[in-house]
Each structure stands twice: as structure tokens, then as C-alpha cells.
Amino acid sequence: MRTALVIGTGLMGTSAALALSARGVDVRLADHDESAARTAAALGAGTAGVPDEPVDLVIVAVPPAHVAASLADAMRRGLGRGYLDVASVKGGPRRDLEALGVDLGHYIGTHPMAGRERSGPLAATPDLFEGRPWVLTPTPATDTEVLNLALELVALCRAVPVVMDADAHDRAVALVSHTPQLVSSMVAARLEHAEDSAVRLCGQGILDVTRIAGSEPAMWMDILAANPGPVADVLADLATDLAETVSALRGLQSADDDKRRGGAAGIEDILRRGNAGRAKVPGKHGAAPKPYAVVAVLIGDQPGELARLFADAGAAGVNIEDVRIEHSTGQQAGLVNLMVEPRSDATLTAALRERGWALRQ
């Protein structure tokens with residue numbers, strides 16, 4: 001791939017353009033908001049403006065509701081040899097293109113499974129897709145050349161290609177992306193009118209659950225409006241679980257021993273099912289999840305402390321597999337949870353104690 005045109009210079013389009021430009025591809029940028037295209041160009045994503053000659057690949061990075069119209073217009077104008085979109089929903093845009101009578105041979109639907117809570121070109125980064133799954137949804141009509149161009153794009157962005165049926169993709173993202181966004185927002189909404197004294201008790205659990213609730217509503221309205229059926233199906237199943245959990249909790253309140261036992265069994269069931277589902281979530285680098293030992297270190301909130309902690313762990317010859325930080329309420333201190341291989345637990349614990357770190361058992 002020598003040339004590309006990115007239509008839509010928000011987070012996804014600009015990130016792809018930055019990655020391609022960094023690897024020598026001549027990228028042109030177009031957006032209905034010309035200032036967004038100029039901003040992306042100023043960031044080094046490419047050159048603003050549609051080229052005079054057809055490019056190798058046209059990348060449409062607009063909201064799902066506008067994908068089909070943007071693709072159909074680009075194809076009508078002959079802007080490229082191949083065309084793809086990066087919208088988070090795949091079945092609807094493909095059916096819209098079919099209804100418009102577009103030749104699907106030169107098109108493939110794709111979806112990089114990456115993103116941020118922020119949007120727009122200023123939120124873009126060239127490494128946004130590195131190591132992330134990038135779904136490709138070819139049909140029997142897809143030309144081999146177009147599939148190869150899509151695979152080259154994925155490789156240049158250092159993502160991992162995954163081939164799926166478009167409708168299967170939409171059901172999958174409803175389960176693992178779209179529904180979690182709504183659930184996170186619903187939990188966070190409970191805090192809107194909560195007493196300040198209650199909110200001050202927030203710990204790492206509520207931070208984890210509500211992190212994505214900070215996402216931009218307009219962006220998610222575009223996504224959910226394009227995939228409402230599959231999301232509603234998942235929420236309906238979740239509503240059944242929720243109703244049963246409420247009933248079980250009411251049972252735990254009862255003075256009747258049988259109802260309390262039934263309630264306890266119901267709560268234990270949902271917790272165990274949650275354990276089983278969580279165990280299926282891929283671990284580091286997409287591999288099977290692994291159990292890690294946790295070394296909890298008390299740390300002051302001052303410059304250089306994290307760097308010193310990581311340096312001491314490195315000096316001990318221990319690789320940090322993951323890290324979580326819990327901040328203390330009302331104190332300039334926190335708890336850094338270092339996840340390490342179980343066999344490294346004792347080595348790291350001893351090394352950090354020797355270097356004067358306070359560890360929590």
C-alpha cells in the first residue's frame with residue numbers, strides 16, 4: 001500500500017492515518033469539518049484534501065449511520081481501488097450498501113477493537129491499534145485484492161486480524177462492548193444524586209465499574225442506534241438475572257429460614273457464574289488468563305516514587321505483569337498492587353522490603 005485516503009478524522013481515522021504515515025504511506029485526509037482534517041494534518045497524520053488520482057485504499061471512519069452514504073459517494077467518485085470502513089457495527093452498513101446498489105466486490109467491512117473515552121483528532125495516537133483485534137467481515141463478493149489491502153492496513157497498524165461474519169460481529173460487540181457501556185453508565189447514574197458522604201467512600205471497585213461511563217454520549221448514541229436489537233437482547237437476559245438477584249436478596253431479608261437459604265443459593269449462583277465468565281476474558285497479550293500473585297506496596301504521592309518502585313522491581317529481576325493503583329481518601333498516599341508470576345512473589349517481596357518499601361499483607 002503506497003497511498004490511502006482517510007474520510008473522517010476523528011479518533012479512529014486520525015489514529016489509523018498517523019500509523020500509516022509513520023510507516024511511509026502517503027495519506028490524504030478528508031472530513032466534513034475541514035478544521036478537523038487540518039488538525040489531523042498538523043499532527044502529522046497526512047495531507048488535508050482529496051487527491052486527484054485514485055488511492056490504493058479508502059478508509060471511511062465516520063459514525064455508523066453515515067458509513068453507507070460516505071462509501072457510496074467515494075465509490076461513485078472513484079476515489080480508490082479498495083474501500084473499507086472502521087465503524088463499530090457491520091451488518092447495518094453492509095445492508096445499506098446493498099440497498100444502494102453498490103458493488104460490494106471493492107468493499108470490506110472492518111472494526112478495530114480499540115478506542116478511548118475521548119474523541120476527535122487530538123485524542124488520536126499512532127499506537128492505538130497495536131496488539132488489538134481488528135475484525136474483518138468479508139463476503140463471498142469481496143475481491144481478494146481488497147481483502148489483502150485490508151490485511152495490509154491491519155499489519156501496518158500492528159493489530160491482529162480476526163475474520164468474522166458481520167452479524168455475528170454485531171452480536172459479539174453487543175455483549176462485550178455495547179452492553180458494558182450502558183451498564184457502566186447505569187451504575188454511575190446511581191451516583192448523580194447520591195449523598196456526598198456516600199460518594200467519598202468510593203473505592204477501586206466503583207472506579208473500575210464506572211470508568212467507561214465517562215465516554216462521550218453523542219458518540220455512543222451513534223453506536224447504539226446502529227446496533228439496538230443485539231444490545232437489547234443482551235440487556236433482556238441481564239434483566240432476568242437482575243430480577244432473580246433482587247428476589248434472592250429479598251429472600252435473605254426474610255425471617256423464613258427456607259427463603260433465606262433460597263436467597264443465599266441465588267446470590268451464590270450469580271457470583272459463581274460471574275467467576276466463570278470472568279475466567280473466559282483473555283489475559284495478557286490476548287492469551288489465556290493466568291493467575292498472578294499480588295504484591296501490595298504502600299507508596300507516597302510524590303514525584304519519582306513509582307519510577308523508584310519499578311526500578312527496584314527490575315533490579316530484583318522480576319517482571320511486572322500488570323499494575324493497579326488505589327488512592328487513599330484524604331491522604332497523599334496510595335496502594336500499588338504489583339501483579340507478578342507466582343514464582344516471583346517471594347523474590348519481589350524480599351527485595352522490596354530490603355529496599356525499605358512498606359508492604360501490605
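Because only heavy atoms are used, hydrogens play no part in the values below, and waters and symmetry mates are left out as well, while side chains stay in. Computed from a predicted model, the values in this text were never measured in an experiment.
- In this structure, the side chain of Arg28 does not engage the main chain of Leu5 through any donor-acceptor pair within 3.5 Å.
- Cluster membership check: Val297 shares its hydrophobic cluster with Val323, using side-chain heavy-atom separations under 4.5 Å among Ile, Leu, Val, Met, Phe, Trp and Tyr.
- Judged purely by atom type and a 3.5 angstrom limit, Thr137 has no side-chain atom pairing as donor or acceptor with the backbone of Met164.
- Remark: Phe129 pairs with Trp134 by the ring-ring contact (aromatic ring centres under 6.0 Å, His included) rule, at least two apart or across chains.
- Arg95 places a side-chain heavy atom less than 4.5 Å from the side chain of Asp167.
- Taking the side chain as every heavy atom from C-beta outward, Arg94 and Glu98 approach each other to under 4.5 Å.
- Side-chain heavy atoms closer than 4.5 Å link hydrophobic residues (I, L, V, M, F, W, Y) into clusters, and following such links, possibly through other members, connects Ile325 to Ile320.
- You'll find the side chain of Leu84 stays beyond 4.5 Å of the side chain of Leu149, heavy atoms only.
- Asn148 contributes atom CG, which lies 11.5 Å from atom OG1 of Thr142 (distance to the nearest 0.5 angstrom).
- The salt bridge (charged side-chain N to carboxylate O under 4.0 Å, His left out) check on Asp257 picks up Arg260, with sequence neighbours excluded.
- Other residues, nucleotides and ligands contribute only 12 or fewer heavy atoms inside 6.0 Å of the CD atom of Glu34.
- In this view, Arg355 and Asp312 satisfy the salt bridge (charged side-chain N to carboxylate O under 4.0 Å, His left out) rule, not counting sequence neighbours.
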Under 3.5 Å, which donor-acceptor pairs do the side chains of residues 335-344 form with other protein atoms, sequence neighbours left out?
{"unit_1": "Asn337", "atom_1": "ND2", "unit_2": "Glu326", "atom_2": "OE2", "d": "3.2"}
{"unit_1": "Glu341", "atom_1": "OE2", "unit_2": "Lys290", "atom_2": "NZ", "d": "2.7"}

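- Remark: the backbone N or O of Asp26 is not paired with any side-chain donor or acceptor of Thr3 at under 3.5 angstrom.
- How far CG of Leu306 is from CD1 of Ile299: 4.0 Å, rounded to the nearest 0.5 Å.
- One distance of note links CD1 of Ile270 with CG of Asn275; it measures 10.5 Å at 0.5 Å rounding.
- Scanning both residues, Ala174 and Pro180, for their nearest heavy atoms gives O-CD, 4.2 Å.
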Check: Does the side-chain contact (heavy atoms from CB on, under 4.5 Å) test come out yes or no for Tyr83 and Val60, once each step is laid out?
Finding: CA-CA 8 Å; Tyr83 303 81; Val60 173; 5.9 Å; no
Anything under 3.5 Å between a donor and an acceptor, one on a side chain of residues 65-77, the other on a protein residue two or more places apart or in another chain? List them.
{"unit_1": "Ser70", "atom_1": "OG", "unit_2": "His66", "atom_2": "O", "d": "3.0"}
{"unit_1": "Asp73", "atom_1": "OD1", "unit_2": "Arg76", "atom_2": "NH2", "d": "2.6"}
{"unit_1": "Asp73", "atom_1": "OD2", "unit_2": "Arg77", "atom_2": "NH1", "d": "3.2"}

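- Within a 6.0 Å radius of CD in Gln302, more than 12 heavy atoms belonging to other residues, nucleotides or ligands are found.
- Atom CG of residue Leu136 and atom CG of residue Leu151 lie 5.5 Å apart, to the nearest 0.5 angstrom.
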With a 3.5 Å cut-off and sequence neighbours excluded, list the donor-acceptor pairs that the side chains of residues 8-25 form with protein atoms.
{"unit_1": "Thr9", "atom_1": "OG1", "unit_2": "Asp31", "atom_2": "OD2", "d": "2.9"}
{"unit_1": "Thr9", "atom_1": "OG1", "unit_2": "Ala36", "atom_2": "O", "d": "3.4"}
{"unit_1": "Thr9", "atom_1": "OG1", "unit_2": "Ala37", "atom_2": "N", "d": "3.3"}
{"unit_1": "Thr14", "atom_1": "OG1", "unit_2": "Thr9", "atom_2": "O", "d": "2.9"}
{"unit_1": "Thr14", "atom_1": "OG1", "unit_2": "Gly10", "atom_2": "O", "d": "2.9"}
{"unit_1": "Ser15", "atom_1": "OG", "unit_2": "Leu11", "atom_2": "O", "d": "2.7"}
{"unit_1": "Ser15", "atom_1": "OG", "unit_2": "Thr125", "atom_2": "N", "d": "3.1"}
{"unit_1": "Ser15", "atom_1": "OG", "unit_2": "Thr125", "atom_2": "O", "d": "3.3"}
{"unit_1": "Ser21", "atom_1": "OG", "unit_2": "Ala17", "atom_2": "O", "d": "3.0"}
{"unit_1": "Ser21", "atom_1": "OG", "unit_2": "Ala45", "atom_2": "O", "d": "2.7"}
{"unit_1": "Arg23", "atom_1": "NE", "unit_2": "Leu156", "atom_2": "O", "d": "2.9"}
{"unit_1": "Arg23", "atom_1": "NH1", "unit_2": "Ala19", "atom_2": "O", "d": "3.0"}

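- Listed here is the closest heavy atom pair of Ala194 and Val199: CB-CG2, 3.8 Å.
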Next item on the list: List the steps, then state whether side-chain contact (heavy atoms from CB on, under 4.5 Å) holds for Ile206 with Leu191.
Entry: CA-CA 10 Å; Ile206 195 70; Leu191 302 176; 4.1 Å; yes
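- One finds no salt bridge joining Arg171 and Asp165 here, because no Lys/Arg side-chain nitrogen approaches an Asp/Glu carboxylate oxygen to under 4.0 Å.
- Both Leu79 and Val102 are part of a single hydrophobic cluster, where members link through side-chain heavy atoms under 4.5 Å apart.
- In this view, Asp345 and Thr349 satisfy the side-chain hydrogen bond (donor to acceptor under 3.5 Å, both in side chains) rule, not counting sequence neighbours.
- Met186 and Leu242 are members of different hydrophobic clusters when ILVMFWY side chains are connected at heavy-atom separations under 4.5 Å.
- With values rounded to the nearest 0.5 angstrom, Glu192 atom CD is found 8.5 Å from Arg190 atom CZ.
- Note on residues 150-164: no pairs pass side chain to side chain donor-acceptor pair (under 3.5 Å), not counting sequence neighbours.
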Name the atoms and distances for all side-chain donor-acceptor pairs under 3.5 Å in residues 220-236, with sequence neighbours left out.
{"unit_1": "Trp220", "atom_1": "NE1", "unit_2": "Gln181", "atom_2": "OE1", "d": "3.3"}
{"unit_1": "Asn227", "atom_1": "ND2", "unit_2": "Asp170", "atom_2": "O", "d": "3.1"}
{"unit_1": "Asn227", "atom_1": "ND2", "unit_2": "His178", "atom_2": "ND1", "d": "3.2"}

Notebook entry, point to check: Between Thr139 and Tyr107, does a side-chain contact (heavy atoms from CB on, under 4.5 Å) hold up when you go through it step by step?
Noted result: CA-CA 9 Å; Thr139 69; Tyr107 160 75; over 6 Å; no
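- In summary, Glu305 and Arg308 engage in a salt bridge, as defined by a charged side-chain N under 4.0 Å from a carboxylate O.
- Taking Ile, Leu, Val, Met, Phe, Trp and Tyr as hydrophobic and joining them when side-chain heavy atoms fall under 4.5 Å apart, one finds Val89 isolated, its cluster having no other members.
- For the atom pair Ile7 CD1 and Asp85 CG, the distance stands at 11.0 Å (nearest 0.5 Å).
- Across all their heavy atoms, Ala316 and Ala351 have their closest contact at CB-CB, 3.5 Å.
- Residue pairs meeting the ring-ring contact (aromatic ring centres under 6.0 Å, His included) criterion with at least one member in residues 151-170, sequence neighbours excluded: His111-His169.
- At least one donor-acceptor pair under 3.5 Å links the side chain of Asp56 to the backbone N or O of Arg2.
- Checked by atom type and distance alone, the side chain of Thr39 pairs as donor or acceptor with a backbone atom of Ser35 at under 3.5 Å.
- Linking ILVMFWY residues whenever their side-chain heavy atoms come closer than 4.5 Å, directly or via other members, places Leu29 and Met1 in the same cluster.
- Counting only residues at least two apart or on different chains, the salt bridge (charged side-chain N to carboxylate O under 4.0 Å, His left out) pairs with a member in residues 238-253 are Asp241-Arg273.
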